[in-house]
Amino acid sequence: MKQYETVETTEKKLEKVLCNCCGKEITKQQGYFSDFLHIEKQWGYFSQKDGRKDEFDLCENCYDRFVKSFALPIK
(Lines give C-alpha, C1' and ligand atoms only; values in the text may rest on other atoms or scores of the structure.)
Protein backbone atom coordinates (compact mmCIF):
# COMPACT_ATOMS: atom_id res chain seq x y z
CA MET A 1 0.00 0.00 0.00
CA LYS A 2 1.51 3.31 -1.04
CA GLN A 3 1.17 6.31 1.24
CA TYR A 4 1.80 9.81 -0.06
CA GLU A 5 2.96 13.00 1.58
CA THR A 6 1.05 16.10 0.47
CA VAL A 7 3.38 18.63 -1.13
CA GLU A 8 2.53 22.33 -1.51
CA THR A 9 1.72 21.83 -5.18
CA THR A 10 -0.95 19.43 -6.45
CA GLU A 11 1.83 16.92 -7.07
CA LYS A 12 2.07 13.91 -4.72
CA LYS A 13 5.40 12.74 -3.32
CA LEU A 14 5.68 9.05 -2.44
CA GLU A 15 6.43 8.94 1.28
CA LYS A 16 6.42 5.22 2.05
CA VAL A 17 5.29 1.86 0.72
CA LEU A 18 3.81 -0.88 2.89
CA CYS A 19 3.52 -4.52 1.88
CA ASN A 20 -0.18 -5.40 1.74
CA CYS A 21 0.58 -9.00 2.76
CA CYS A 22 2.85 -8.69 5.83
CA GLY A 23 2.39 -4.98 6.58
CA LYS A 24 6.11 -4.23 6.71
CA GLU A 25 7.46 -0.98 5.29
CA ILE A 26 9.53 -1.27 2.12
CA THR A 27 12.95 0.08 3.05
CA LYS A 28 14.28 3.26 1.53
CA GLN A 29 18.01 3.88 1.00
CA GLN A 30 19.56 7.04 -0.40
CA GLY A 31 16.12 8.25 -1.46
CA TYR A 32 15.17 5.06 -3.35
CA PHE A 33 12.83 2.25 -2.32
CA SER A 34 14.01 -1.34 -2.30
CA ASP A 35 12.42 -3.28 -5.14
CA PHE A 36 8.83 -4.47 -4.63
CA LEU A 37 5.95 -5.76 -6.74
CA HIS A 38 3.12 -3.34 -7.54
CA ILE A 39 -0.03 -4.78 -9.13
CA GLU A 40 -3.01 -2.89 -10.56
CA LYS A 41 -6.02 -4.71 -11.97
CA GLN A 42 -9.10 -3.16 -13.57
CA TRP A 43 -11.78 -5.86 -13.58
CA GLY A 44 -13.90 -6.17 -16.69
CA TYR A 45 -17.00 -7.80 -18.06
CA PHE A 46 -18.09 -11.27 -17.00
CA SER A 47 -16.38 -11.08 -13.63
CA GLN A 48 -17.87 -10.78 -10.17
CA LYS A 49 -15.86 -7.54 -9.81
CA ASP A 50 -16.93 -5.70 -12.98
CA GLY A 51 -15.61 -2.11 -12.93
CA ARG A 52 -13.61 -2.51 -9.72
CA LYS A 53 -9.94 -1.51 -9.59
CA ASP A 54 -7.65 -3.42 -7.23
CA GLU A 55 -4.15 -2.24 -6.41
CA PHE A 56 -1.56 -3.69 -4.03
CA ASP A 57 2.15 -3.94 -3.24
CA LEU A 58 4.23 -6.94 -2.12
CA CYS A 59 7.70 -6.98 -0.61
CA GLU A 60 10.21 -9.43 -2.10
CA ASN A 61 9.74 -12.02 0.69
CA CYS A 62 5.95 -12.07 0.29
CA TYR A 63 6.32 -12.24 -3.50
CA ASP A 64 8.55 -15.32 -3.11
CA ARG A 65 5.99 -17.03 -0.86
CA PHE A 66 3.17 -16.04 -3.25
CA VAL A 67 4.73 -17.51 -6.41
CA LYS A 68 5.78 -20.69 -4.56
CA SER A 69 2.07 -21.34 -3.98
CA PHE A 70 1.34 -21.48 -7.73
CA ALA A 71 0.40 -24.84 -9.24
CA LEU A 72 2.42 -23.96 -12.36
CA PRO A 73 5.84 -22.31 -12.19
CA ILE A 74 6.30 -18.75 -13.42
CA LYS A 75 8.48 -18.02 -16.45
Side-chain angles (χ1 to χ4, degrees):
M1 170 180 7
K2 296 178 181 179
Q3 296 181 346
Y4 291 90
E5 170 187 343
T6 303
V7 183
E8 288 185 26
T9 65
T10 57
E11 184 179 325
K12 291 181 181 180
K13 178 183 174 189
L14 184 58
E15 183 179 326
K16 63 180 166 179
V17 179
L18 302 174
C19 176
N20 285 87
C21 186
C22 69
K24 292 182 182 176
E25 185 172 344
I26 306 297
T27 59
K28 195 175 185 180
Q29 296 178 16
Q30 299 177 358
Y32 295 96
F33 290 100
S34 296
D35 209 1
F36 63 95
L37 176 68
H38 177 75
I39 295 178
E40 292 181 32
K41 169 64 178 160
Q42 180 74 45
W43 293 93
Y45 299 117
F46 311 112
S47 77
Q48 301 272 333
K49 301 164 192 68
D50 188 12
R52 186 173 103 186
K53 181 181 178 185
D54 290 340
E55 186 175 345
F56 62 92
D57 300 306
L58 294 178
C59 68
E60 192 170 0
N61 289 334
C62 289
Y63 167 82
D64 290 340
R65 282 196 308 272
F66 179 51
V67 297
K68 283 180 185 175
S69 72
F70 292 178
L72 302 173
I74 62 172
K75 293 182 181 182

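Note that these values count all heavy atoms, side chains included, but never hydrogens, waters or copies made by symmetry.
Note that SG of C19 is 11.5 Å distant from CD of E60, once rounded to the nearest 0.5 Å. Atom OH of residue Y63 and atom CG of residue D35 lie 10.5 Å apart, to the nearest 0.5 angstrom. With values rounded to the nearest 0.5 angstrom, Q42 atom CD is found 13.0 Å from K49 atom NZ. Taken from CE in M1 to CG in D57, the straight-line distance is 9.0 Å, to the nearest 0.5 Å. C59 contributes atom SG, which lies 10.0 Å from atom CG of N20 (distance to the nearest 0.5 angstrom). Separating the CD1 atom in I39 from the CD atom in E55 is a distance of 10.5 Å, to the nearest 0.5 Å.
Open room surrounds OH on Y32; 12 or fewer heavy atoms of other groups in view lie less than 6.0 Å from it.
The hydrophobic clustering, which links ILVMFWY residues whose side-chain heavy atoms are closer than 4.5 Å, places F36 and Y4 together. Both V67 and F56 sit in one connected hydrophobic cluster of ILVMFWY residues. Membership requires side-chain heavy atoms under 4.5 Å apart, directly or through other members.
Exactly one of K2, E25, K28 qualifies for a side chain to side chain contact (heavy atoms under 4.5 Å, CB included) with F33. That residue is K28.
For the pair R52 and K41, the minimum side-chain heavy-atom distance is 4.5 Å or more.
A donor-acceptor contact shorter than 3.5 Å is absent between the side chain of Q3 and the backbone of L14.
Taking all atoms of both residues into account, the shortest heavy-atom contact from T27 to S34 is OG1-OG, 2.6 Å.
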